[in-house]
Asks: 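One structure coming up, written as structure tokens, with questions to follow.
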Amino acid sequence: MTAAAPWRSALLKSLELNKELKYSTFFQLATVRPNGKPANRTMVYRGFVGDSAKLTFTTDSRSSKMEEVKENPWSEICWYMPESREQYRLSGKLYIIKSDEEDEQLKKIWRDAWSELSPGGRGWFTWPDASQPRTDDDTEFEKEPPGQEEDPLSNYCLCVLDVYECELSKLREKLRIEYHSNEEGGQRLWTERNMNP
């Protein structure tokens, strides 16, 4: 057993091996709708929280994910790396940091992630509410994005997935590795086991 998440270094290595592919930072996030039906969408990896096993990505406070996570925070990511032929399945609890976050440490993480977004990434939050019908007014999508040093828009949110389990399939090696965590003495410890793919 180890305190450090052993899959984290493997994932970072996979990202390095696949860095020439722009879409290697895209993954699929599965949640559960309040009616019990599954929901899935593509998200963009924004990094880890420090040296932790917590992955981050952004979302809009007006999206359906907000209600889904409020009802059930358990979520799973499926992430395929084409160049290295590896697949990661990461499951855990999802926490969403919003503009009204009171915890100063989380608010700093939220603000720092905003400043690292590209102009296009920040501009996405100026778009109209995705829950509303599309109009013919294209100017709604052409607003100038806020600058890096400007305050984040109120609908900008940072999602933090606290990973509890990981399954790594290495197709070239015909190997699947299961990583599981357990709380012991106030500390999360990880185990790993090699499995058939």
Asks: Please evaluate residues Glu71 and Glu67 with respect to the criterion side-chain contact (heavy atoms from CB on, under 4.5 Å), reporting the C-alpha separation (whole Å), side-chain torsions for both, the decisive distance (0.1 Å), and the verdict.
Replies: CA-CA 6 Å; Glu71 291 286 322; Glu67 190 62 28; 3.6 Å; yes
Asks: Taking Val69 as the starting point, is it possible to reach Met43 by hopping between hydrophobic residues whose side chains are less than 4.5 Å apart?
Replies: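 Same cluster.
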Asks: Measure the spacing between NE2 of His180 and SG of Cys166 and express it to the nearest 0.5 Å.
Replies: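 Output value for this atom pair is 9.5 Å.
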Asks: In the hydrophobic clustering (ILVMFWY, side-chain contacts below 4.5 Å, transitive), which residues join Tyr164, or is it alone?
Replies: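 Cluster partners of Tyr164: Trp74.
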Asks: In terms of heavy-atom contacts, does CD of Glu142 have more than 12 from other residues, nucleotides or ligands at under 6.0 Å?
Replies: yes
Asks: Do Phe48 and Ile109 belong together in a cluster built from hydrophobic side chains that touch within less than 4.5 Å?
Replies: no
Asks: For residues 7-15, run the donor-acceptor check on the side chains, cut-off 3.5 Å, and write out each pair with its distance to 0.1 Å, sequence neighbours left out.
Replies:
unit_1	atom_1	unit_2	atom_2	d
Arg8	NE	Ser52	O	2.8
Arg8	NH2	Gly50	O	2.7
Ser9	OG	Pro6	O	3.3
Ser14	OG	Ala10	O	3.0
Ser14	OG	Glu86	OE1	2.6
Ser14	OG	Tyr88	OH	2.7

Asks: Nearest 0.5 Å, please: how far is CG in Leu29 from SG in Cys159?
Replies: 7.5 Å
Asks: Any link between Leu153 and Trp124 through a network of hydrophobic side chains (Ile, Leu, Val, Met, Phe, Trp, Tyr) touching at under 4.5 Å?
Replies: yes
Asks: Answer yes or no: does atom CD of Glu183 have more than 12 heavy-atom neighbours from other residues, nucleotides or ligands under 6.0 Å?
Replies: yes
Asks: Closest heavy-atom contact between Arg122 and Gly147?
Replies: NE-C, 3.7 Å
Asks: Is Lys65 atom NZ crowded by more than 12 heavy atoms from other residues, nucleotides or ligands, each under 6.0 Å away?
Replies: yes
Asks: List, by chain and then residue number, the residues other than Tyr80 in its hydrophobic cluster (Ile/Leu/Val/Met/Phe/Trp/Tyr, side-chain heavy atoms under 4.5 Å); write none if there are no others.
Replies: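 Same cluster as Tyr80: Leu171.
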Asks: Would you please indicate if the ring centroids of Tyr45 and Trp79 are separated by under 6.0 Å?
Replies: yes
Asks: Classify the angle between the aromatic ring planes of Trp114 and Phe125 as parallel (below 30°), tilted (30 to 60°) or perpendicular (above 60°).
Replies: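 Judged by the thresholds at 30° and 60°, the geometry between Trp114 and Phe125 is tilted.
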Asks: Using 30° and 60° as the class boundaries, would you call the ring planes of Phe57 and Phe27 parallel, tilted or perpendicular?
Replies: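 Judged by the thresholds at 30° and 60°, the geometry between Phe57 and Phe27 is perpendicular.
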Asks: Assess whether side-chain contact (heavy atoms from CB on, under 4.5 Å) is satisfied between Tyr156 and Thr58, documenting all intermediate values.
Replies: CA-CA 7 Å; Tyr156 155 73; Thr58 62; 3.7 Å; yes
Asks: Does the side chain of Arg89 come within less than 4.5 Å of Gln87's, by heavy atoms?
Replies: yes
Asks: If I take atom CG from residue Leu168 and atom CG from residue Leu90, how far apart are they, to the nearest 0.5 angstrom?
Replies: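 Going from CG on Leu168 over to CG on Leu90, the span is 9.0 Å.
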Asks: For Arg111 and Asp151, run salt bridge (Lys or Arg N to Asp or Glu O under 4.0 Å): C-alpha distance rounded to whole Å, both residues' side-chain angles, the deciding distance at 0.1 Å, then the answer.
Replies: CA-CA 8 Å; Arg111 186 176 292 279; Asp151 287 339; 3.2 Å; yes
Asks: If you look at every heavy atom in Thr126 and Pro145, which pair is closest and at what distance?
Replies: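 Taking Thr126 first and Pro145 second, the nearest heavy atoms are CG2-CA, 4.5 Å.
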Asks: For atom OH of Tyr23, decide whether the heavy atoms of other residues, nucleotides or ligands shown that lie under 6.0 angstrom number more than 12.
Replies: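 Atom OH in Tyr23 is not crowded, with 12 or fewer foreign heavy atoms closer than 6.0 Å.
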Asks: Report yes or no: does Glu76 contribute a side-chain atom to a donor-acceptor pair with the main-chain N or O of Ser91 at less than 3.5 Å?
Replies: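 Absent.
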Asks: Where do Leu55 and Ile77 come nearest, in terms of heavy atoms and distance?
Replies: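 Here Leu55 and Ile77 meet closest at CD1-CD1, 4.0 Å.
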Asks: How long is the span from the OG atom in Ser75 to the CG atom in Leu161, to the nearest 0.5 Å?
Replies: 6.5 Å
Asks: Of the non-hydrogen atoms in Arg62 and Asn155, which two are nearest, and what is the gap between them?
Replies: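 Nearest heavy atoms, Arg62 then Asn155: NH2-ND2, 3.1 Å.
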Asks: To the nearest 0.5 angstrom, please state how far the CG atom of Asn182 sits from the CD atom of Gln187.
Replies: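 Rounded to the nearest 0.5 Å, the CG-CD separation comes out at 12.0 Å.
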Asks: When you look at Asp112 and Arg46, which way does the salt bridge (Lys or Arg N to Asp or Glu O under 4.0 Å) test go after all the steps?
Replies: CA-CA 11 Å; Asp112 288 348; Arg46 299 295 179 186; over 6 Å; no
Asks: Hey, is the main chain of Leu106 close enough, under 3.5 Å, to the side chain of Asp103 for a donor-acceptor pair?
Replies: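 Side chain of Asp103 to backbone of Leu106: a pair is present.
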Asks: Once you round to the nearest 0.5 Å, how far does CD of Glu150 lie from OG of Ser115?
Replies: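 The OG atom of Ser115 is 12.5 Å from CD of Glu150, to the nearest 0.5 Å.
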Asks: For Pro197, does its backbone N or O pair with a side-chain atom of Ser169 as donor and acceptor, under 3.5 Å?
Replies: no
Asks: Can you check whether Trp190 and Tyr179 have ring centres sitting under 6.0 Å from each other?
Replies: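 So the answer is no for these two rings.
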Asks: Ignoring hydrogens, what is the shortest heavy-atom contact between Leu17 and Glu83? Give both atom names and the distance.
Replies: O-CG, 3.7 Å
Asks: Say whether Leu94 and Ile97 are linked into one hydrophobic cluster, either directly or through other cluster members, by side-chain heavy-atom distances under 4.5 angstrom.
Replies: no
Asks: With sequence neighbours left out, write down each residue that passes side-chain contact (heavy atoms from CB on, under 4.5 Å) with Met66, or none if nothing qualifies.
Replies: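 Per chain and number, Met66 pairs via side-chain contact (heavy atoms from CB on, under 4.5 Å) with Thr59, Ser61, Ser63, Ile96, Lys98, Cys157.
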Asks: Only counting residues at least two apart or in another chain, list the ones meeting salt bridge (charged side-chain N to carboxylate O under 4.0 Å, His left out) with Arg176.
Replies: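 Arg176: salt bridge (charged side-chain N to carboxylate O under 4.0 Å, His left out) contacts with Glu167, Glu178.
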Asks: Got a sec, which residues hit salt bridge (charged side-chain N to carboxylate O under 4.0 Å, His left out) with Glu16, two or more places apart in sequence or on another chain?
Replies: Lys19
Asks: Please report the C-alpha distance between Asp137 and Thr135 in whole Å, then the side-chain angles of each, then the deciding distance to 0.1 Å, and finally whether the side-chain hydrogen bond (donor to acceptor under 3.5 Å, both in side chains) criterion is met.
Replies: CA-CA 5 Å; Asp137 185 5; Thr135 69; 5.4 Å; no
Asks: Decide whether Met81 and Leu21 are clustered together by the hydrophobic rule: side chain heavy atoms of Ile, Leu, Val, Met, Phe, Trp, Tyr closer than 4.5 Å, transitively.
Replies: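 No; tracing contacts between hydrophobic side chains, which count when under 4.5 Å, never links both residues.
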Asks: Report the C-alpha distance between Ser84 and Asn18 in whole Å, list the side-chain angles of each, state the deciding distance to 0.1 Å, and finish with yes or no for side-chain contact (heavy atoms from CB on, under 4.5 Å).
Replies: CA-CA 7 Å; Ser84 54; Asn18 290 268; 2.9 Å; yes
Asks: Any idea which heavy atoms bring Arg33 and Pro38 closest together, and the distance?
Replies: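 What the structure gives for the nearest pair is NH1-O, 2.5 Å.
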Asks: State, without any angle test, whether Arg41 and Thr31 hold a side-chain donor-acceptor pair at a distance under 3.5 Å.
Replies: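 Per modelled atom types, Arg41 and Thr31 side chains form a pair under 3.5 Å.
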